Amino acid sequence: MNYWLMKTEPEVFSIDDLAKARDKTTCWEGVRNYQARNFMRDEMKLGDQVLIYHSNTSPPGIAGIARVVKEAYPDHSAFDPSSKYFDVKSKKESATWMMVDVQFVMKAKKFLSLDELKANPKVKELLILRKGNRLSITPVEKKHFEIIAKLL
DNA sequence: GCCAACGTTGGC
DNA sequence: GCCAACGTTGGC
């Protein structure tokens, strides 16, 4: 089992939106970065646990946990000209972009802010804390996931 | 294949 | 809204 952190802007899609979604499940559309896509396509497996991180908001931080319920398949938003994620270069026969489905597991009882993460020496290796890291999907070590899960 | 210009992310 | 950091694009 692998562990991940996935960023989302809560104004666009929050942990509450995930909790309210049908089957508490959503397809993770709109990833348009090759490294993040490769993580989904090559390494995300059924049952993997995901920290849901709220970015571009105040304060940013970890808002809950989800799990992978469907492994990578073509991101259909890339084929939809009306979608803001439309990519004319992605063909249905050989999709450029992939997505997974994730299901709500829990909302943090205690939202864990970026400041609190930075202040916790036990999780200082988290990739999210690296200066300049903009990757929307990053792997998380099991020990770090477990430390964080206990704090939520 | 280099690299300047541009676009995006995301904390602040 | 600003801007640093990074990824992508495209001329050469």
Side-chain angles (χ1 to χ4, degrees), chain A residues 2-21 26-44 48-68 71-141 143-145 147-152:
Chain A
N2 294 318
Y3 300 88
W4 306 93
L5 181 146
M6 296 170 93
K7 294 181 188 172
T8 180
E9 300 190 19
E11 301 298 314
V12 178
F13 191 84
S14 71
I15 189 77
D16 292 322
D17 294 324
L18 181 58
K20 281 184 292 192
T26 190
C27 55
W28 205 261
E29 67 176 15
V31 172
R32 296 291 178 272
N33 169 284
Y34 287 102
Q35 209 178 339
R37 179 208 63 185
N38 292 349
F39 282 137
M40 288 198 291
R41 185 190 62 192
D42 303 333
E43 298 187 45
M44 275 197 175
D48 280 5
Q49 303 257 85
V50 180
L51 298 171
I52 300 295
Y53 179 90
H54 283 178
S55 67
N56 220 346
T57 188
S58 187
I62 295 171
I65 296 176
R67 66 168 162 250
V68 176
E71 293 179 7
Y73 61 105
D75 182 339
H76 46 69
S77 69
F79 308 135
D80 175 4
S82 69
S83 168
K84 69 169 181 165
Y85 300 121
F86 177 64
D87 180 354
V88 69
K89 296 193 295 295
S90 184
K91 304 297 177 198
K92 286 193 175 170
E93 316 82 69
S94 58
T96 307
W97 304 114
M98 310 290 281
M99 60 187 176
V100 298
D101 286 359
V102 301
Q103 182 174 50
F104 179 83
V105 172
M106 64 165 281
K107 178 179 177 175
K109 292 181 283 294
K110 163 105 180 50
F111 179 85
L112 197 55
S113 72
L114 180 58
D115 281 346
E116 291 170 298
L117 289 170
K118 285 177 178 169
N120 188 335
K122 291 181 183 158
V123 296
K124 70 173 191 301
E125 298 98 343
L126 275 181
L127 294 176
I128 190 81
L129 300 180
R130 288 232 186 119
K131 183 178 168 71
N133 184 3
R134 303 187 314 172
L135 254 193
S136 63
I137 300 176
T138 49
V140 172
E141 287 183 40
K143 62 179 179 181
H144 293 147
F145 181 91
I147 289 165
I148 289 166
K150 277 185 201 149
L151 295 173
L152 296 179

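It should be emphasised that the depicted structure is a prediction, and the values quoted were computed from it without experimental measurement. Letters A, B, ... mirror the listed sequences (proteins, then strands); counts begin at 1.
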Task: Nearest atoms (heavy-atom pairs only) where A/Ala72 meets A/Met40 - done: CB-O, 3.5 Å
Task: Sorted by number, the residues of residues 115-126 of chain A with heavy-atom contact under 4.0 Å to DNA chain C - done: none
TODO: Write down the atom of A/Val100, the atom of A/Glu71, and the distance for their closest heavy-atom approach.
DONE: CG1-C, 4.1 Å
- [ ] Check A/Val31 against A/Trp97 and note the closest heavy-atom contact, atom names and distance.
- [x] O-CE3, 3.5 Å
Open item on the list: For DNA chain C, which residues of residues 49-64 of chain A approach it to below 4.0 angstrom with any heavy atom?
Closed with: none
Open item on the list: Would you say A/Ser82 and A/Asp80 are linked by a side-chain donor-acceptor pair, where the criterion is simply a distance under 3.5 Å?
Closed with: yes
Task: Straight-line distance of A/Leu126 CG to A/Glu141 CD, nearest 0.5 Å - done: 8.5 Å
Task: Contact nearer the 5' end of DNA chain C, comparing A/Lys131 with A/Arg32 - done: A/Lys131
- [ ] Search all heavy atoms of A/Ile65 against all heavy atoms of A/Ile52 and return the closest pair with its distance.
- [x] C-CG1, 4.4 Å
TODO: Check whether any side-chain heavy atom of A/His144 sits under 4.5 Å from a side-chain heavy atom of A/Pro139, and report yes or no.
DONE: no
- [ ] Name the first nucleotide and the last nucleotide along DNA chain B (5' to 3') that come under 4.0 Å of a heavy atom in chain A.
- [x] B/dG7 to B/dC12
Open item on the list: To the closest 0.5 Å, what do you measure between CG (A/Leu117) and CD1 (A/Ile148)?
Closed with: 5.5 Å
